[in-house]
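Only this structure's heavy atoms are used, side chains among them; waters, hydrogens and symmetry mates stay out. Read the numbers this way: they start at 1 and go in the same order the structure lists the ligands and their atoms. These figures come from a predicted structure and were not determined experimentally.
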Amino acid sequence: MNIPVKNDKLRAWIREVADLCQPDDIYVCNGSQEEYTSMIMKLTETGIAIPLKKRRNSYLFRSDPSDVARVEDRTYISTPSRDDAGPTNHWIAPGELKKIMTGLYRGCMKGRTMYVIPFSMGPVGSPISKIGVEISDSPYVVVNMHIMTRVSTGVMEMLDGGADFIPCLHSIGAPLEQGQKDSSWPCAPLEKKYISHFPEENLIWSYGSGYGGNALLGKKCLALRIASAMARREGWMAEHMLILRLTSPEGKQYHIAAAFPSACGKTNLAMMQPSLPGWKCECIGDDIAWMKAGPDGRLHAINPENGFFGVAPGTSYKTNPMAMDTLKENVIFTNCALTDDGDIWWEGMDGDEPSHAIDWKGRDWTPQSTGEAAHPNARFTAPASQCPVICGDWEKPEGVPIDIFIFGGRRSTVVPLVYEAFNWEHGVFLGATAASETTAANIGAVGNLRRDPFAMTPFCGYHMGDYFQHWLDMGDRLGDRSPRIFYVNWFRKSDEGKFLWPGFSENSRVLKWMCERVDGRARAQETPIGLLPAKGALDMTGLYISADDMEELMRVDRQSWTEEIPDMEQHFSRFGDRLPVRLSRQLEEFKKRLK
Ligand code: GTP
Ligand code: SPV
Ligand code: MN
């Protein structure tokens with residue numbers, strides 16, 4: 001077979017994979033508009049992609065009902081020693097895992113085309129960017145990678161010139177026998193799915209799923225799991241963080257990076273339009289930040305992605321107008337509902353519910369139906385460049401200097417709206433003990449409280465104890481140029497189960513307080529958990545919240561925090577002697593403050 005590729009490592013790898021997986025065809029992608037259109041046309045002809053009358057060049061896909069989210073239980077960090085993967089990762093020894101997966105890969109692309117997708121994470125040519133090549137037998141993956149990463153002949157030219165790359169092998173795990181009819185979303189059963197990472201070889205092997213982070217390997221697999229391990233070795237950071245620029249009425253810029261677990265508000269905060277007059281917010285990234293210390297000694301961040309793979313349900317003109325305006329054309333929708341007039345719909349969208357729709361499983365749906373019309377983890381894939389508030393500097397190769405880090409999660413109780421860490425080390429403690437209620441972004445139970453340090457539990461490519469140490473080391477290096485660290489919770493509820501805080505654009509009030517803290521202008525009060533806004537320090541102009549609700553939002557209840565301690569201790573004990581002493585000391589000091 002003639003493979004139009006000059007890079008020796010890439011040629012050899014393509015041959016090796018083709019010999020193993022036995023596809024009918026090999027196609028090397030160039031990322032062009034024509035390529036996208038012709039792939040989409042084929043997907044439309046077979047009924048797999050449904051064109052939307054109401055949105056130009058936009059399509060709906062419906063996944064298999066078993067393949068709707070990431071599969072953390074089937075995700076592996078395969079280091080030679082189990083210890084190096086740590087207690088938060090699933091582990092199988094590299095030799096054994098490769099043997100199992102080689103068995104699964106053998107002949108797995110029969111009857112299908114093998115696509116070779118060269119892509120850049122980060123602007124092509126930026127010193128922070130990395131090249132990956134995904135081999136996949138899923139045309140859905142190809143069109144999504146076109147949007148989510150930078151697929152181009154430019155990347156192939158760099159490879160031809162000898163550039164190195166991270167190999168990302170993906171198969172849906174559904175070979176076709178001669179004459180066998182294909183299904184619209186072929187995939188393998190759960191027990192045959194493997195999302196595997198070999199951090200010491202910078203290698204990714206994924207098998208059996210076609211959905212999101214399981215299949216679009218540039219995202220969680222490369223840009224977080226593999227990149228976090230590289231970042232530790234090389235002294236930089238790869239984080240599950242949005243990046244935004246906030247500009248004050250006086251024209252001062254603040255760059256903020258925030259880590260919330262999956263489906264806990266990153267995309268929404270990244271595009272938030274401040275309710276406070278005169279403040280401006282621009283989006284740089286909504287999910288992943290790669291950060292390096294710059295020549296100025298500050299931490300500079302880039303967004304390695306090229307698009308948004310965002311949660312659809314709950315997105316509306318009321319909650320996230322900038323996302324809605326991003327979604328007008330050139331969008332791939334997955335597992336949303338289809339309306340009778342040829343548009344998509346999901347729970348929480350503006351206006352009335354449709355009186356009839358086709359749900360994400362392809363069945364008739366009416367407001368009387370029992371299930372949701374859109375799957376709770378239904379997603380949109382849209383080019384970042386289409387976002388009306390994408391920052392003019394979002395592709396700047398050197399990134400933007402970060403002033404503020406925010407950690408947070410979904411806590412219906414205990415955790416107040418906002419507080420500030422006393423210092424970097426305390427901030428790392430807040431990140432390390434962060435907890436959140438689980439969401440539909442992973443296959444599994446929803447609403448269970450779990451510790452999710454730095455929102456990285458599913459994405460850290462090495463031992464979490466070493467990751468904590470890496471955060472402490474970065475703080476030591478950055479010194480007085482370290483970003484300030486805050487913790488937020490938009491999700492505290494009243495006894496009646498109502499959100500106490502309106503969230504979304506009103507979150508600008510909280511960000512404003514943070515900026516004023518950075519400038520040494522806002523007052524804070526010391527509590528055992530950290531520094532809360534002093535009375536009157538949070539700008540509440542034009543927003544009415546009852547005094548009772550406000551008090552509950554800001555309440556630091558010693559009793560409830562004391563009840564958290566055993567769980568924090570148990571959490572820390574999992575890391576054994578890899579837990580930095582500075583963090584166990586932080587926990588001891590916290591206990592003293594609570595007394
Ligand atoms: P991933 O893409 O999975 O990493 O998720 P994400 O962190 O980007 O979460 P996203 O912004 O998509 O929000 C997930 C859900 O939380 C959506 O249904 C939002 O409507 C909802 N949400 C986001 N921000 C807020 C907020 O400030 N308040 C409330 N009540 N809900 C919010
Ligand atoms: C997440 O789950 O954090 C996501 C979606 O951003 S996925 O790409 O599926 O990981
Ligand atoms: Mn995410």
> For Trp236, does its backbone N or O pair with a side-chain atom of His470 as donor and acceptor, under 3.5 Å?
yes
> Checking a contact table here: which protein heavy atom is nearest atom 15 (C) of ligand 1, and how many Å away?
Arg410 NH2, 3.7 Å
> Answer yes or no for Asn507: is there a heavy-atom contact with ligand 1 below 4.0 Å?
yes
> State yes or no: are the ring centers of Phe486 and Phe407 separated by less than 6.0 Å?
no
> Nearest protein heavy-atom contact for atom 19 (C) of ligand 1: which residue, which atom, what distance?
Asn268 ND2, 3.6 Å
> Going by the order shown, which atoms of ligand 2 are within less than 4.0 Å of some heavy atom of Gly213?
7 (S), 8 (O), 9 (O), 10 (O)
> Decide yes or no for Lys493 and Leu500: does some side-chain heavy atom of the first lie under 4.5 Å from some side-chain heavy atom of the second?
no
> So do the side chains of Arg62 and Phe333 get within less than 4.5 Å of each other, counting heavy atoms only?
no
> For Phe504 and Trp490, I'd like to know if the aromatic rings sit close, meaning centre-to-centre distance below 6.0 Å.
no
> Given side-chain hydrogen bond (donor to acceptor under 3.5 Å, both in side chains), test Gln273 with Trp279 step by step and report yes or no.
CA-CA 8 Å; Gln273 290 309 286; Trp279 288 79; over 6 Å; no
> May I ask you to identify the nearest protein heavy atom to atom 6 (P) of ligand 1, giving residue, atom name and distance to one decimal place in Å?
Lys266 N, 3.3 Å
> Between Lys130 and Phe165, is any pair of side-chain heavy atoms under 4.5 Å apart?
no
> Is it the case that the ring center of Trp345 lies less than 6.0 angstrom away from the ring center of Trp365?
yes
> Can you give the angle His240 NE2 - the Mn ion (ligand 3) - Asp287 OD1, rounded to 10°?
90°
> Less than 4.0 angstrom from a charged side-chain N to a carboxylate O is my criterion; do Glu72 and Arg450 meet it?
yes
> Is a side-chain donor-acceptor pair under 3.5 Å present for Asp452 with Thr457?
yes
> Do Trp346 and Glu372 have side chains that get closer than 4.5 Å, going by heavy atoms?
no
> Relative to ligand 1, is Asp287 under 4.0 angstrom through side chain, backbone, both or neither, heavy atoms considered?
side chain
> Could you tell me whether Gly265 and ligand 1 have an N or O pair separated by under 3.5 Å?
yes
> Just which atoms of ligand 1 are under 4.0 Å from any heavy atom in His240?
4 (O)
> Within a distance under 4.0 Å of any heavy atom of Gly314, pick out the atoms of ligand 1 and give their elements.
18 (O), 20 (O)
> Are any of the N/O atoms in Lys266 less than 3.5 Å from those in ligand 2?
no
> Are Tyr194 and Trp205 near enough that their ring centres are under 6.0 Å apart?
no
> Pull out every atom of ligand 2 sitting under 4.0 Å from any heavy atom of Lys219, numbered as shown with elements.
6 (O), 8 (O)
> Using a strict cut-off of 4.0 Å, indicate which atoms of ligand 2 neighbour a heavy atom of Phe459.
3 (O)
> Which heavy atom of the protein is the closest neighbour of atom 32 (C) of ligand 1, given with residue, atom name and distance?
Phe504 CZ, 3.2 Å
> Of all the non-hydrogen atoms in the protein, which one sits nearest to atom 1 (P) of ligand 1, and at what distance?
Ala263 N, 3.4 Å
> So that I can check it, does any N, O or S atom in Phe309 come closer than 2.8 Å to the Mn ion (ligand 3)?
no
> Run the numbers for me: atoms of ligand 2, each under 4.0 Å from some heavy atom of Ala441, listed by number.
2 (O)
> Which atoms of ligand 2 have any heavy atom of Lys220 under 4.0 Å away?
1 (C), 3 (O), 4 (C), 6 (O), 7 (S), 8 (O), 10 (O)
> Less than 4.5 Å apart, side chain to side chain, heavy atoms only: is that true for Leu511 and Ile406?
yes
> What protein heavy atom sits nearest atom 10 (O) of ligand 2, and how far away is it?
Arg70 CD, 2.8 Å
> Between Phe499, Phe380, Phe491, Phe309, which one has a non-hydrogen atom sitting closest to atom 31 (N) of ligand 1?
Phe491
> May I ask you to identify, for Ser262, whether its side chain, its backbone, both or neither come under 4.0 Å of ligand 1 on a heavy-atom basis?
both
> So which protein heavy atom does atom 2 (O) of ligand 1 come closest to, and at what separation?
Arg379 NH1, 2.8 Å
> Which heavy atom of the protein is the closest neighbour of atom 17 (C) of ligand 1, given with residue, atom name and distance?
Pro313 O, 3.8 Å
> Among Asn320, Thr326, Val311, find the one that has a side-chain contact (heavy atoms from CB on, under 4.5 Å) with Thr267.
Asn320
> For Asp287, counting its heavy atoms only, list the atoms of ligand 2 lying under 4.0 Å from any of them.
6 (O)
> Which is it for Asn214 and ligand 2 at heavy atoms under 4.0 Å: side chain, backbone, both or neither?
neither
> Is the ring centre of Tyr419 less than 6.0 Å from the ring centre of Tyr487?
yes
> Quick one, Phe260 and Val488 - any side-chain contact, counting heavy atoms below 4.5 Å?
yes
> With a 4.0 Å cut-off on heavy atoms, does Pro261 reach ligand 1?
yes
> Please indicate whether any nitrogen or oxygen in Ser262 is less than 3.5 Å from any nitrogen or oxygen in ligand 2.
yes
> What are the atoms of ligand 2, with element, lying closer than 4.0 Å to any heavy atom of His240?
3 (O)
